[in-house]
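Please read the structure below before turning to the comments.
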Amino acid sequence: MKHIFLWIACFLMGSFTFAQTKSKRPPIIDVHMHSVTLQQLQRDAQMPLPISGLKPPESVEQHIKQTLAVMDRYNVVLGLVSGYEYEGIEKFRQSAPARVWAGPQFGRPMLNVDTLRMRYKSGLFSVMGEVTTQYAGISPSDPGLDPYFSLAESLGVPVGIHTGISFPGITRAAPRFRVSLGNPLLFEELLNRHPNLRVWIAHAGWPYLEETIGILLVYPQVYLDIAVINWILPREEFYAYLKALIRAGFGWRIMYGSDQMSWPDVIGASIEAINQADFLSESQKRDILYNNAARFLRLTPEQTAKHQGDSKK
Ligand SMILES: [Zn+2]
């Protein structure tokens with residue numbers, strides 16, 4: 001008899017451990033990812049990654065594979081992936097169509113609007129951006145971009161626009177880049193010309209804190225992501241900036257993004273930066289890592305239930 005109890009106890013403990021190892025982390029949405037070209041990987045191989053010294057993957061296929069592997073590890077259930085080359089973006093999307101929303105990356109208004117419309121209507125694209133006007137030396141409110149923003153507005157497509165930050169010495173590689181063109185105050189004209197456009201400020205406008213708060217206050221449709229600043233800035237500076245945005249009342253509009261570029265491993269590092277922030281409550285972490293993006297992207301109850309359900313399996 002004693003043996004039977006012992007056996008049952010062992011069985012129960014065994015199933016508990018099994019259930020524990022099977023339960024996944026809660027779901028995460030990464031709103032800022034990129035597909036890359038081989039040239040980009042080769043160029044970035046010359047540039048050591050600031051946080052770990054790791055080199056980029058050697059091929060585009062490896063980059064996609066490693067990015068998806070980190071997404072699996074951290075239960076990133078949805079990634080918004082943009083790139084300059086349609087072929088590369090599509091390759092990425094096809095590798096995990098249920099988890100990737102693709103979009104074009106562009107600065108100057110050079111894309112064909114009809115082709116873009118077709119790609120949105122056929123489901124190849126679901127987001128617009130990262131729009132990198134700062135690198136192209138133009139304002140995000142440049143009238144030349146109006147056809148794209150009108151298209152996004154009419155289709156209800158969310159648009160992410162780069163702001164603020166880049167690498168030291170960037171004007172040698174991108175001579176038109178200007179710090180001043182990364183100021184989120186430059187969003188103001190486009191927001192008024194396209195009142196129904198769903199826009200987010202990529203990189204949270206850092207270092208333009210006051211201007212970012214000003215835009216968030218007046219334009220409630222605007223969200224932001226914390227990509228790059230969550231792994232490239234000194235941790236104390238990132239936390240101070242994040243704290244200031246939350247203190248100003250905008251914790252419900254901050255979305256997690258990695259901007260992994262050539263380095264898939266920064267996805268994990270940037271998620272840990274949120275998990276390790278002891279000034280954030282568990283519910284604030286969940287808002288940043290999932291809930292805010294789910295609201296902004298208008299995920300359906302079925303989609304969110306699936307994401308939550310997947311995590312409990
Ligand atoms: Zn960017």
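As the structure lists them, so they are numbered: ligands from 1, and atoms in each ligand from 1.
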Handout entry: Path from V218 to Y208 over hydrophobic side-chain contacts below 4.5 Å
Key =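 No; Y208 is not reachable from V218 via cluster members.
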Handout entry: Side-chain cluster (under 4.5 Å, hydrophobic types only) that M118 belongs to, other residues
Key =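 The other cluster members (ILVMFWY side chains, heavy atoms under 4.5 Å, direct or chained): none.
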Exercise for the section: Taking R295 for its side chain and W252 for its backbone only, find out whether a donor-acceptor pair lies under 3.5 Å. Expected result: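 Yes.
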Practice task
Anything protein N/O/S under 2.8 Å from the Zn ion (ligand 1)? Just list residue and atom, please.
Solution key: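 Short answer, with waters excluded from the count: E130 OE2, H162 ND1, H203 NE2.
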Check residues 58-66 and write down every donor-acceptor pair under 3.5 Å in which the side-chain atom is one partner and the other belongs to a residue at least two apart or another chain.
unit_1: S59; atom_1: OG; unit_2: Q62; atom_2: N; d: 3.0
unit_1: E61; atom_1: OE2; unit_2: K91; atom_2: NZ; d: 2.6
unit_1: H63; atom_1: NE2; unit_2: M261; atom_2: O; d: 2.7

Problem - Pairing of D142 and R108 as salt bridge, 4.0 angstrom limit - result: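 Result for this pair is no, no salt bridge flagged.
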All N/O donor-acceptor pairs, side-chain side in residues 145-167, below 3.5 Å, sequence neighbours left out:
unit_1: D146; atom_1: OD1; unit_2: R193; atom_2: NE; d: 3.3
unit_1: D146; atom_1: OD1; unit_2: H194; atom_2: NE2; d: 2.7
unit_1: D146; atom_1: OD2; unit_2: R193; atom_2: NE; d: 3.1
unit_1: Y148; atom_1: OH; unit_2: M110; atom_2: N; d: 3.4
unit_1: Y148; atom_1: OH; unit_2: L111; atom_2: N; d: 2.9
unit_1: Y148; atom_1: OH; unit_2: L111; atom_2: O; d: 2.5
unit_1: S150; atom_1: OG; unit_2: D146; atom_2: O; d: 3.0
unit_1: E153; atom_1: OE1; unit_2: H194; atom_2: ND1; d: 3.0
unit_1: E153; atom_1: OE2; unit_2: N196; atom_2: N; d: 3.0
unit_1: S154; atom_1: OG; unit_2: S150; atom_2: O; d: 3.4
unit_1: S154; atom_1: OG; unit_2: L151; atom_2: O; d: 2.9
unit_1: H162; atom_1: ND1; unit_2: E130; atom_2: OE2; d: 2.9
unit_1: H162; atom_1: ND1; unit_2: H203; atom_2: NE2; d: 3.0
unit_1: H162; atom_1: NE2; unit_2: Q134; atom_2: OE1; d: 3.2
unit_1: H162; atom_1: NE2; unit_2: I165; atom_2: O; d: 2.9
unit_1: T163; atom_1: OG1; unit_2: A202; atom_2: O; d: 2.5
unit_1: T163; atom_1: OG1; unit_2: G205; atom_2: N; d: 3.1
unit_1: S166; atom_1: OG; unit_2: Y135; atom_2: OH; d: 2.8

